[in-house]
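Beneath this line is the structure, given in structure tokens, with notes to follow.
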Amino acid sequence: MSTTPPATTAVMSSRATPPRLAILGTRGIPAAHGGFETFAERLALHLTAQGWHVDVACQADDPGPHPPAWNGVSLTHIRPVTKGALGTMETDLRATRAALAHSDVILTLGYNTAIFGLLARIARVPHLMNMDGIEWRRDKWSRPVKAWFWLNERLARITTDHMIADHPAIAAHLQRHTPAGRITVIPYGADALASADPAPLAGLGLGGRRFATFIARPEPENALLEVVEAFSRAPRGVDLVVLGRLGDSRYHAAVRAAASAEVRFPGAIYDPATVRALRAHTVLHVHGHRVGGTNPSLVEALGAGNPILAHDNVFNRWVAGPAMAYFADTDQCAEAFARLLAPHADLAPLAAAARARHAEAFTWPAVLDAYEALLAGWLKNEAPGVTDGPRPSPAAG
């Protein structure tokens, strides 16, 4: 990621009106759902403070009323007629159509409905897209859904002016069908977390106890079963706290059956104070993701200075760095637990490496400045005819 901004100040001062950005593809802000919503919130607030007019499309699942703005950011609430995935697609279509009327540039987060970007092409409004992970490789999707994601990933080449990859491996994947000059690498960000009030831990039964954390959706591709089996092979003297909602599926039943008495399942926790307490006081963060780019949970663990035990793949190794511990299967994971959770194990070097890696690549100011630089270079009023073809990115990296 380049940290050298373009002449953003000059672009802003040359305009008679504030540049207008529409952010599409999330459930909306303030963030209450996941990584993309958190990012949309941070970027919208950052750009608004810099003098931009930012409008965020929000999916309204209830009749409201809904506020037209939040902390200076305009909100376009769209209540879909349909439900589920079709409702999300309907929201994306209506949000795209609405954005065309008032935007100098559009940023879409995720490519699941990239086909709707054709509307921006026709209207000649510059359109950038964060390509997220390789969604069609995820085990949880059916074949028809995977086919839809695969198609939209390919369509993004012709429906967007520029792609943003949050990881070099995602950029390399996209370069199989998209020229490198149309792709910019900008990772996800996180705040540094030096300390947090431990009081919320008491409500989880963790007051005064040592614990490790696993914070992810409980899905096969996140290696939860392998991690729980490995952890439960022997007494650890440490609890493993698994954040995520377990249902009645066979996979979730297998996870519960494999768990020792030291594994805790408090469910999905979204309370910020509780999550901060878990991150600040964990002795080890376990990350099992196999598919995807720069994972927000892993970046947040780095920002909290957590020692990391991660599944061994190109995505996790680039994010967490060479100093961390990795596992390829259940046996290796069990061996790593035995080593890292031993009574006299020194995890201080891993904690220091986590903070150093976060400061090097994943601070919010660097990430948001890079986005602002890229978006400023694509402003419609500054680059007439921009949709005739790709231009070099001011933040390419």
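Note on Leu302: it does not cluster hydrophobically with Leu278, by side-chain heavy-atom contacts below 4.5 Å among ILVMFWY residues. Residues Tyr251 and Leu243 do not share a hydrophobic cluster, defined by chaining ILVMFWY side chains whose heavy atoms lie under 4.5 Å apart. Residue Phe265 is grouped with residue Leu240 when hydrophobic side chains (ILVMFWY) are merged at heavy-atom distances under 4.5 angstrom, including chains of intermediate members. Linking Ile, Leu, Val, Met, Phe, Trp and Tyr residues whenever their side-chain heavy atoms come within less than 4.5 Å places Met131 and Ile183 in a single cluster. No continuous path of ILVMFWY side-chain contacts below 4.5 Å connects Met324 to Ile215, so the two sit in separate hydrophobic clusters.
A salt bridge links Arg317 and Asp312; the closest N-O separation between the charged side-chain nitrogens and carboxylate oxygens is under 4.0 Å. Salt bridge absent: Arg79 and Asp62 never bring a charged side-chain N and a carboxylate O closer than 4.0 Å. Contact check on Glu226 versus Arg290 returns a salt bridge, with a Lys/Arg side-chain nitrogen under 4.0 Å from an Asp/Glu carboxylate oxygen.
There is no side-chain donor-acceptor pair under 3.5 Å between Thr159 and His127.
Every residue two or more places apart in sequence or in another chain that forms a salt bridge (charged side-chain N to carboxylate O under 4.0 Å, His left out) with Arg42 is listed here: Asp191. For His102, there are no ring pair (Phe, Tyr, Trp, His ring centres under 6.0 Å) partners, not counting sequence neighbours.
Taking both residues in full, the closest heavy atoms of Pro266 and Leu204 are given as CB-CD2, 4.1 Å, listed atom of the first, atom of the second, then distance. Counting all heavy atoms, side chain and backbone alike, Ile78 lies closest to Thr91 at CD1-O, 3.9 Å.
In this structure, the ring of His289 has its center no less than 6.0 angstrom from the ring center of Phe315. Checked against the 6.0 Å centroid criterion, the rings of Phe327 and His311 qualify as a close aromatic pair.
Partner of Glu300 under the side-chain hydrogen bond (donor to acceptor under 3.5 Å, both in side chains) criterion, chosen from Arg276, Arg279, His358: Arg279. Test Trp318, Tyr188, Phe39 against Phe362 for ring-ring contact (aromatic ring centres under 6.0 Å, His included) and you get one pass: Trp318.
Within the model, atoms CD1 of Ile115 and OG1 of Thr96 stand 11.5 Å from one another, a figure rounded to the nearest 0.5 Å. Between the CG atom in Leu24 and the OG1 atom in Thr108 there is a gap of 4.5 Å [rounded to 0.5 Å].
Judged by the 6.0 Å distance and 45° axis criteria, Arg137 is not positioned over the aromatic ring of Trp150. Seen from the ring of Phe211, Arg264 does not count as a face-on cation partner, given the 6.0 Å and 45° thresholds.
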* Output, in order, the C-alpha distance, side-chain angles, deciding distance and verdict of salt bridge (Lys or Arg N to Asp or Glu O under 4.0 Å) for Asp55 and Arg20. => CA-CA 8 Å; Asp55 185 276; Arg20 300 168 300 174; over 6 Å; no

* Test log, rule side-chain hydrogen bond (donor to acceptor under 3.5 Å, both in side chains), inputs His287 and Ser297 -> CA-CA 8 Å; His287 187 78; Ser297 181; 4.9 Å; no

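Counting non-hydrogen atoms of other residues, nucleotides and ligands closer than 6.0 Å to CZ of Arg256 gives a total above 12.
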